[in-house]
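Since the structure comes first, as structure tokens, the remarks are kept for the end.
Sequence lines set the chain letters: A, B, ... in the order given, protein chains first and strands last, and positions in each chain run from 1.
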Number of protein chains: 2
Amino acid sequence: MSQAFRLKQSIEDAVMAGEFRPGDRLDEASLAERFGVSRTPIREALLQLGAEGFIDVRPRRGAIVSVPSPTRLFEMFETMAEIESACGRLAARRLTPENDAAMEAAHRACELDVRQGDSEQYYADNRNFHEAIYRASRNSFLADQAFALHKRLSAYRRIQLRARNRLLQSLQEHAGILEAIRAGDEQLAASRLHSHVLVQGERFSDMVLGLTQDRSAPAGTRSGAGR
Amino acid sequence: MSQAFRLKQSIEDAVMAGEFRPGDRLDEASLAERFGVSRTPIREALLQLGAEGFIDVRPRRGAIVSVPSPTRLFEMFETMAEIESACGRLAARRLTPENDAAMEAAHRACELDVRQGDSEQYYADNRNFHEAIYRASRNSFLADQAFALHKRLSAYRRIQLRARNRLLQSLQEHAGILEAIRAGDEQLAASRLHSHVLVQGERFSDMVLGLTQDRSAPAGTRSGAGR
DNA sequence: CATGTTGAGATTGTATGCAATATCAAGATT
DNA sequence: AATCTTGATATTGCATACAATCTCAACATG
């Protein structure tokens, strides 16, 4: 497969792994050297990531890892809540045994993780659970949108789950969601999913908003005390 | 501003104008010649359009205007219905005088177009009306998602509105939606928007796929049997 | 007659070079 | 001292060249 595709994935991974922090510049020359290719495929990967909203590509000024404002971030979580609840609504309407089984399996895995207090593994299995719901909507386009947004938010979501009690609460919410979907209660499934997702956004906002009123001077950037 | 950006817009416009039909190849050399640039910025534009889902870029095999299957298309409309109803729900909750005025103005314009039977102009003003609702959600990220999907579907939507009585029906639905949003009735606004959008998908489906079930061979499409 | 093979031409993928623009620090001006 | 130029340097944007792969039709083979 083409290099640009592999590079796109690698750069995305590096960003998600936190190797590049929000605000960091992604300059073409260093990336080219790092991956042992010329600037051309790097540019192509960056432009694609930019089109997907993963990074910010400013004409003539290079690409940076996007720095959503607290407001923007909350909007993203709110949108995720709307999309997920739509998935839940459709899942409740259309549930098949296969999809039910997939959700069940993912939920069981999450249970185990909580019992073992393995928050890192919970993070992964939580993702599987949510993706099982997306698929259960039996609308692959909607599911794709949900996947994409989930991925964009995962960096922020991960921080959330570090809190121990949140882990247990999350699991209990999953149980309630699953129950509603199985009961075919579209309304309930939608509203439970909505708050399950939104609470994360709210918690995160609280956390971030505590620090920055509006003028974010994101800590950690080598901002110019210089002058 | 950079050429690639302008080109991206131009190619998108050409696709939306129907100059390239679904399934047509977008080969780099001819586009480069047409726009008087080299292949490099053309590639960059195509890759970005591909990342946005507007076209299909198949590695080593060039880009084509995507040809959503009837099923996929219906899924896209269903997703649009979910997103729009989310916008409506939030708009009902958060309506400001400014957003109200904007929706009102767009609605008035649509009324005038119907009275004059100008379906082409209605097409444009209808878009404004819907975009006014997106903005009224006061969630700019959600609104951006809605814009993008609306754009991707507009080619199919346009065909819909050609039918005369559909024009009037559409207008009446708009009135109902506006009323619900103003009344602050989130549920009603959401459900009215949902069916307003979905009915287009359904009509389109009926048109294209009277034979949905799974039997392929979409009769009547010129790209069906191909070569 | 159907199917597999092959090779020329066409098209995409990547590297490199140069032009255009942005960045930033040192010096000029008030 | 603060702000405004200005030029050197770094970085991006685009064009061109070449390499890698695909396409497709003519031919060979059973």
Side-chain angles (χ1 to χ4, degrees), chain A residues 1-12 14-15 19-67 217-218 221-227, chain B residues 1-12 14-15 19-67 223-227:
Chain A
M1 199 163 275
S2 68
Q3 295 221 49
F5 184 78
R6 220 193 316 281
L7 290 169
K8 187 176 142 211
Q9 197 61 44
S10 302
I11 295 172
E12 193 180 303
V15 170
E19 186 172 344
F20 300 107
R21 324 264 284 287
D24 283 359
R25 284 199 52 185
L26 299 167
D27 89 285
E28 301 171 0
S30 8
L31 287 170
E33 190 181 16
R34 162 171 178 167
F35 291 109
V37 298
S38 80
R39 280 174 47 221
T40 307
I42 295 286
R43 274 181 71 81
E44 294 183 348
L46 290 178
L47 287 168
Q48 288 180 77
L49 289 170
E52 288 171 14
F54 224 88
I55 63 176
D56 251 39
V57 181
R58 308 157 304 171
R60 281 272 172 211
R61 305 191 53 209
I64 63 171
V65 179
S66 27
V67 192
T221 56
R222 38 137 222 182
S223 64
R227 103 181 186 90
Chain B
M1 197 161 282
S2 68
Q3 294 220 49
F5 184 79
R6 220 195 316 282
L7 289 169
K8 186 177 144 213
Q9 197 62 43
S10 303
I11 295 171
E12 192 180 303
V15 169
E19 185 172 344
F20 300 106
R21 322 268 267 308
D24 283 359
R25 286 199 49 183
L26 299 167
D27 89 286
E28 301 171 0
S30 1
L31 288 170
E33 190 182 17
R34 163 172 176 165
F35 292 110
V37 298
S38 81
R39 279 174 49 221
T40 306
I42 295 285
R43 273 181 70 79
E44 294 182 348
L46 290 178
L47 287 169
Q48 288 181 78
L49 290 170
E52 288 171 16
F54 219 86
I55 63 177
D56 251 38
V57 180
R58 306 157 305 171
R60 282 273 171 212
R61 305 191 53 208
I64 64 170
V65 179
S66 28
V67 193
S223 51
R227 302 183 172 272

Check whether any side-chain N or O of Thr40(B) sits under 4.0 Å from OP1 or OP2 of dC14(D), and answer yes or no.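 False: Thr40(B) side-chain N/O out of range (4.0 Å or more) of dC14(D) OP1/OP2.
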Nearest-Å distance, [atom1] ([X]) to [atom2] ([N])?
X	N	atom1	atom2	answer
Arg60(A)	dA10(D)	CZ	P	17 Å
Ile42(B)	dT12(C)	CD1	C1'	14 Å
Arg43(B)	dT16(D)	CZ	P	16 Å
Leu47(A)	dT14(C)	CG	P	14 Å
Arg58(A)	dT21(C)	CZ	P	18 Å
Ile64(B)	dT23(D)	CD1	P	12 Å
Asp27(B)	dG9(C)	CG	P	19 Å
Leu31(A)	dA10(D)	CG	C1'	16 Å

On DNA chain C, nearest-nucleotide positions of Gly36(A) versus Pro59(A): which is more 5'?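 Its nearest nucleotide being more 5', the pick is Gly36(A).
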Nearest to the side chain of [X] - [options]?
X	options	value
Arg39(B)	dG13(C), dT16(D), dT12(D)	dG13(C)
Glu44(A)	dG13(D), dA15(D), dT14(C)	dT14(C)
Arg25(B)	dT11(D), dT12(C), dG13(D)	dT12(C)

For Arg61(A), report the nucleic acid contact type (base, sugar-phosphate, nothing); a contact means any heavy atom under 4.0 Å.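 The answer is sugar-phosphate, as Arg61(A) gets under 4.0 Å only of primed atoms, P, OP1 or OP2.
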Is the closest side-chain heavy-atom distance between Val65(B) and Arg21(B) below 4.5 Å?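 No. Closest side-chain heavy atoms not under 4.5 Å.
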Can you check whether Ala32(A)'s main-chain N or O pairs, donor with acceptor, with Ser38(A)'s side chain at less than 3.5 Å?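 No.
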Closest non-hydrogen atom pair between Ser66(B) and Ile55(B), with its separation: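 That would be OG-CA, 3.8 Å.
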Can you name the side chain to side chain contact (heavy atoms under 4.5 Å, CB included) partners of Ile64(B), sequence neighbours left out?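 In terms of side chain to side chain contact (heavy atoms under 4.5 Å, CB included), with neighbours along the sequence ignored, Ile64(B) is linked to Arg25(B), Asp56(B), Arg58(B).
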Can you tell me if CZ on Phe35(A) sees more than 12 non-hydrogen neighbours from other groups inside 6.0 Å?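 Yes.
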